[in-house]
Amino acid sequence: MQYLFTTLFILGFITFVGFLILMILSIRKGNRLPIRYIFLTTACFAIALIGLYGTLTLSSNSTQSEIDQTPSSQIKLSGFHMTADEFKNKFNGAVGKYRLNGLSITRLNILDSSEQGTGSFEYVFNDELRLVGAVNADESIQEVRLYRTGDTRKPTGGILLTAIATLILTTNSEYSYNDAQDVIQDIGLLDRDVNQPDFDGRTVRNGLEYRFSVQDHDHSIFKITVEK
């Protein structure tokens, strides 16, 4: 069908140009313009438009069909699509927007990596809370983690939950603070006190996995990774 529309467009356009030239020559010679020239020129122009419209429509539908048939595994996010500096700026932007005092990142500490093609960065908020990120070879972030040191048998709250919410906002620029709280709720941090050493809650949003786990009575981890 696309071949037919393409043929219509080519033939219609060529004949339209031909009749248009004949009309111009006839007018320049001072001859009266035949009605059939006007009719045929208009008809050829209409045929060319129909062919062009059909060609573009079928081409667009074909492209959309290829996208729809692409396996979801091929269109998943390959990373956070931000560098360490962009991450810091977005994180601080969320801190400023929601006035989350005490959480601003001043300067990320870039760490050397033993693995070829990867890197990492770190930021220490205080003696109990530390941020670590992993970076791909193209400098885009592939994972971030919050390490908390302290008695995990006590209710989870304070700066830890605020830092978790800020990380969620950083990785989802369209989220509001209420959306971040919904993610925390899905993980299970608002339903109960995380006071068991085997607690492990997770949820997935927009291709990213958000997970909070308790390692032992003194250590817990919140991490955001690309869903596999």
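FYI, side chains are in, hydrogens and waters are out, and symmetry mates aren't considered; it's all heavy atoms of this structure. As the structure is a prediction and not an experimental result, all values here were calculated from the model.
With Tyr177 contributing its side chain and Tyr98 its backbone, the two residues share no donor-acceptor pair below 3.5 Å. Under a 3.5 Å cut-off, the side chain of Asn136 and the backbone N or O of Asp138 do not form any donor-acceptor pair.
Taking the side-chain contact (heavy atoms from CB on, under 4.5 Å) definition, one finds that Asn178 meets it with Ser176, Gln181, sequence neighbours left out. Residues passing the side chain to side chain donor-acceptor pair (under 3.5 Å) test with Thr106, sequence neighbours excluded: Tyr123. Shown here are the side-chain contact (heavy atoms from CB on, under 4.5 Å) partners of Asn109, two or more places apart in sequence or in another chain: Leu111, Glu122. For Asn172, the side chain to side chain donor-acceptor pair (under 3.5 Å) partners are Asn206, Tyr210, not counting sequence neighbours. Tyr147 meets the ring pair (Phe, Tyr, Trp, His ring centres under 6.0 Å) test with no other residue; sequence neighbours excluded. Residues satisfying the side-chain contact (heavy atoms from CB on, under 4.5 Å) criterion with Arg211, sequence neighbours excluded, are Asp200, Arg202, Glu209, Lys223. Under the ring pair (Phe, Tyr, Trp, His ring centres under 6.0 Å) criterion, Tyr175 pairs with no residue at all, not counting sequence neighbours.
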**Request:** Go through Phe87 and Leu167 one step at a time and tell me if the side-chain contact (heavy atoms from CB on, under 4.5 Å) criterion holds.
**Result:** CA-CA 9 Å; Phe87 168 82; Leu167 282 179; 3.5 Å; yes
**Message:** Before you tell me yes or no, could you show the steps for Thr83 and Asp85 under side-chain hydrogen bond (donor to acceptor under 3.5 Å, both in side chains), namely the whole-Å CA-CA distance, both residues' side-chain angles and the distance that decides it to 0.1 Å?
**Reply:** CA-CA 5 Å; Thr83 64; Asp85 284 339; 5.4 Å; no
**Asked** Can you check side-chain contact (heavy atoms from CB on, under 4.5 Å) on His219 and Thr149, steps first, answer last?
**Response** CA-CA 5 Å; His219 300 89; Thr149 302; 3.9 Å; yes
**Item:** Test log, rule salt bridge (charged side-chain N to carboxylate O under 4.0 Å, His left out), inputs Arg205 and Asp182
**Value:** CA-CA 11 Å; Arg205 298 286 186 95; Asp182 288 340; 5.5 Å; no
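Note on Ile184: it does not cluster hydrophobically with Ile221, by side-chain heavy-atom contacts below 4.5 Å among ILVMFWY residues.
Residues Phe121 and Ile141 meet the side-chain proximity criterion, which asks for heavy atoms closer than 4.5 Å.
Shown here for Val95 and Ser104, the closest heavy-atom pair between the two residues is CG1-OG, 3.5 Å.
Using a 3.5 Å distance cut-off with no hydrogens or angles, the side chains of Gln215 and Ser213 do pair a donor with an acceptor.
As a member of the Ile/Leu/Val/Met/Phe/Trp/Tyr network built from side-chain separations under 4.5 Å, Val204 groups with nothing else and remains a singleton.
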